[in-house]
Amino acid sequence: PRMVVSAIVRLARFARSSPLLSRDATSVAMGAVHARGFRSSAPARVIYEDITQTVGRTPVVKINRLSPPGREIYAKCEFFNPLSSVKDRLALAIIEHAERTGALKPGQTVVEATSGNTGISMAMMCAQRGYPCVIVMAETFSVERRKVMRMLGAKVVLTPAGARGSGMVKKAIELAGHHGWFLARQFENEANRAFHANTTGPEILSDFAGKRLDYWVTGYGTGGTFAGAGAMLKAARPDLKVILSEPTNAALVSSGADQARMPDGSPADTHPAFTPHPIQGWTPDFIPMNLQAGLEAQTHDGIVAVSGEEAISMSQRMSREEGIFTGISGGASMAACVKAAEQAPPGSVLLTMLPDTAERYLSTPLFADIAADMNEEEVAVSHSTPNFWLGQ
């Protein structure tokens, strides 16, 4: 269709002019074949050579019961990645880029600071590639994330809760400098947002080719998805509205306050607008450089705030009403999308990102009211037939 051809032309122009994209991405936009180039969400093959080839091409699913009347909402389910989160893209991007540039040497230890999902993804990539892996994580993040990383062979170093996310970043920098390890720097590494521009953005454009898409709603985390995919979406569809979302009590972007930085771009301190919130990985206690790049490019058209309670409630509703098992960050993204849909004109079509699975939150408030033992109603069901009662 003419609309799709026009979008590809805009993508080509954007790729040639943008420092965000690699030469490979420019080739893709011009129509050349590339392993990680412009692609749809459909699998390219049935049999893969290794687990890293399964990253990306995640499905877009229609939301049928939670959409406001007269609007359509879709979700890109990033928990279909091999280690069940969007951060598989980031980890693959950073490792592949470091290998190509020689920044990562054979057998060198990889170290990174993370709320958990990036650590899990990085541990997977390191296990597949044969690199030792050390993950630095604040003690407040869920216990199951630590166990998954250790299951994948990584060492997990915990930092005090009071030091927050910026503290774990400083610890990772300290360890890398002392031991000569490769520091992944997910919050500043441009390979993060470039990979999303190469993959996530084009996947969305391909899935919605010839279809209406009026709003793209996303949280930010490192800022890679927002800055990378957002730039590509805006280049192809200038009329598309990009809505950024953040916690009500950690509205860093909305505050307008600057982020204090070290010379390498990492945070010098906690952002003044930050207070703790339960939406793990959705907003750290600082504005990452990858997020800053998207903000400076004026990628977003609006901001929607979501409370921790709204995020948890929506995650639970997604499970019970849509059969979609996403975590607190996914609940937050969907809550923001529903809010945006309520304000959007009738007929609007919206897409949001679901970053991970609810299984990452078993020890968090998301499951606080989910009992392990039978309740009275379940006991009554058991007793409705004569045999195999507990305690019989």
Side-chain angles (χ1 to χ4, degrees), residues 18-22 87 89-105 108-119 121-122 125-126 131-138 141 154-160 162-197 220-228 231 250 252-253 255 257-274 281 283-297 299:
S18 176
L20 185 80
L21 298 179
S22 64
K87 296 306 179 67
R89 296 181 188 261
L90 175 160
L92 179 59
I94 290 175
I95 294 298
E96 285 193 336
H97 181 264
E99 288 175 335
R100 285 197 305 269
T101 60
L104 177 59
K105 306 296 189 295
Q108 188 176 13
T109 296
V110 175
V111 61
E112 180 59 313
T114 169
S115 64
N117 278 333
T118 296
S121 299
M122 199 64 73
M125 296 300 164
C126 288
Y131 299 109
C133 182
V134 175
I135 300 301
V136 181
M137 189 168 74
F141 298 118
K155 291 182 173 62
V156 181
V157 175
L158 300 178
T159 56
R164 298 177 175 170
S166 54
M168 69 186 188
V169 170
K170 291 175 182 177
K171 181 65 174 180
I173 293 171
E174 184 180 270
L175 288 170
H178 180 76
H179 295 284
W181 294 342
F182 171 74
L183 179 62
R185 301 180 70 245
Q186 61 167 321
F187 299 104
E188 298 85 37
N189 198 320
E190 292 183 19
N192 176 355
R193 61 184 190 268
F195 194 84
H196 283 289
Y220 49 81
T222 68
T225 305
F226 160 65
L252 278 56
V253 175
S255 73
D258 291 335
Q259 174 66 54
R261 300 191 186 282
M262 303 297 288
D264 64 355
S266 62
D269 206 349
T270 292
H271 191 278
F274 180 85
T283 298
D285 70 314
F286 57 92
I287 295 178
M289 281 299 296
N290 275 314
L291 171 60
Q292 189 69 45
L295 297 175
E296 291 176 357
T299 304

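These values consider heavy atoms only, across backbone and side chains, with no hydrogens, waters or symmetry-generated copies.
Contact between Gln108 and Tyr131 at its shortest, heavy atoms only, is O-CD2, 3.5 Å. Across every non-hydrogen atom of Ser166 and Ala163, the tightest pair is OG-O, 3.6 Å. In terms of heavy atoms, Phe286 sits closest to Asp269 at CB-O, 4.3 Å. Nearest heavy atom pair, residue Gly221 against residue Pro288, reads O-CG, 3.4 Å.
Qualifying side-chain hydrogen bond (donor to acceptor under 3.5 Å, both in side chains) partners for Thr118, counting only residues two or more places apart in sequence or in other chains: Lys87, Gln186. For Tyr220, the ring-ring contact (aromatic ring centres under 6.0 Å, His included) test picks out no residue, with sequence neighbours left out. With sequence neighbours left out, Ala191 forms a side chain to side chain contact (heavy atoms under 4.5 Å, CB included) with His97, Asn189. Residues passing the ring-ring contact (aromatic ring centres under 6.0 Å, His included) test with Phe274 are His277, sequence neighbours excluded. In terms of the ring-ring contact (aromatic ring centres under 6.0 Å, His included) criterion, Phe141 has no residue partners (sequence neighbours excluded). The side-chain hydrogen bond (donor to acceptor under 3.5 Å, both in side chains) test applied to Asp258 returns no partner, not counting sequence neighbours. The salt bridge (Lys or Arg N to Asp or Glu O under 4.0 Å) check on Lys171 picks up Glu174, with sequence neighbours excluded. In this structure Asn290 satisfies the side chain to side chain contact (heavy atoms under 4.5 Å, CB included) test together with Asn192, Arg193, sequence neighbours excluded. Remark: Ala260 engages Ala268 in a side chain to side chain contact (heavy atoms under 4.5 Å, CB included) (not counting sequence neighbours). Gln259 meets the side-chain hydrogen bond (donor to acceptor under 3.5 Å, both in side chains) test with no other residue; sequence neighbours excluded. Under the side-chain hydrogen bond (donor to acceptor under 3.5 Å, both in side chains) criterion, Thr299 pairs with no residue, sequence neighbours left out. Listed by chain and residue number, Ile94, Glu112, Met122, Phe182 satisfy the side chain to side chain contact (heavy atoms under 4.5 Å, CB included) test with Ala184 (two or more places apart in sequence, or in another chain).
Judged by distance alone, with hydrogens and angles left aside, the side-chain atoms of Arg261 form a donor-acceptor pair with the main-chain N or O of Ile287 at under 3.5 Å.
Separating the CH2 atom in Trp181 from the CG atom in Leu175 is a distance of 5.5 Å, to the nearest 0.5 Å. Taken from CD1 in Ile95 to SG in Cys126, the straight-line distance is 4.5 Å, to the nearest 0.5 Å.
Side-chain atoms of Pro267 and Met289, non-hydrogen and from C-beta on, never get closer than 4.5 Å to each other. With a 4.5 Å cut-off on side-chain heavy atoms, Leu252 and Leu291 do not count as touching.
Among Thr159, Thr270, Val169, the one residue that satisfies the side chain to side chain contact (heavy atoms under 4.5 Å, CB included) test with Arg164 is Thr270.
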Next on the checklist: Is there a side-chain contact (heavy atoms from CB on, under 4.5 Å) between Asp264 and Arg185? Walk through the geometry before answering.
Outcome noted: CA-CA 10 Å; Asp264 64 355; Arg185 301 180 70 245; 4.0 Å; yes

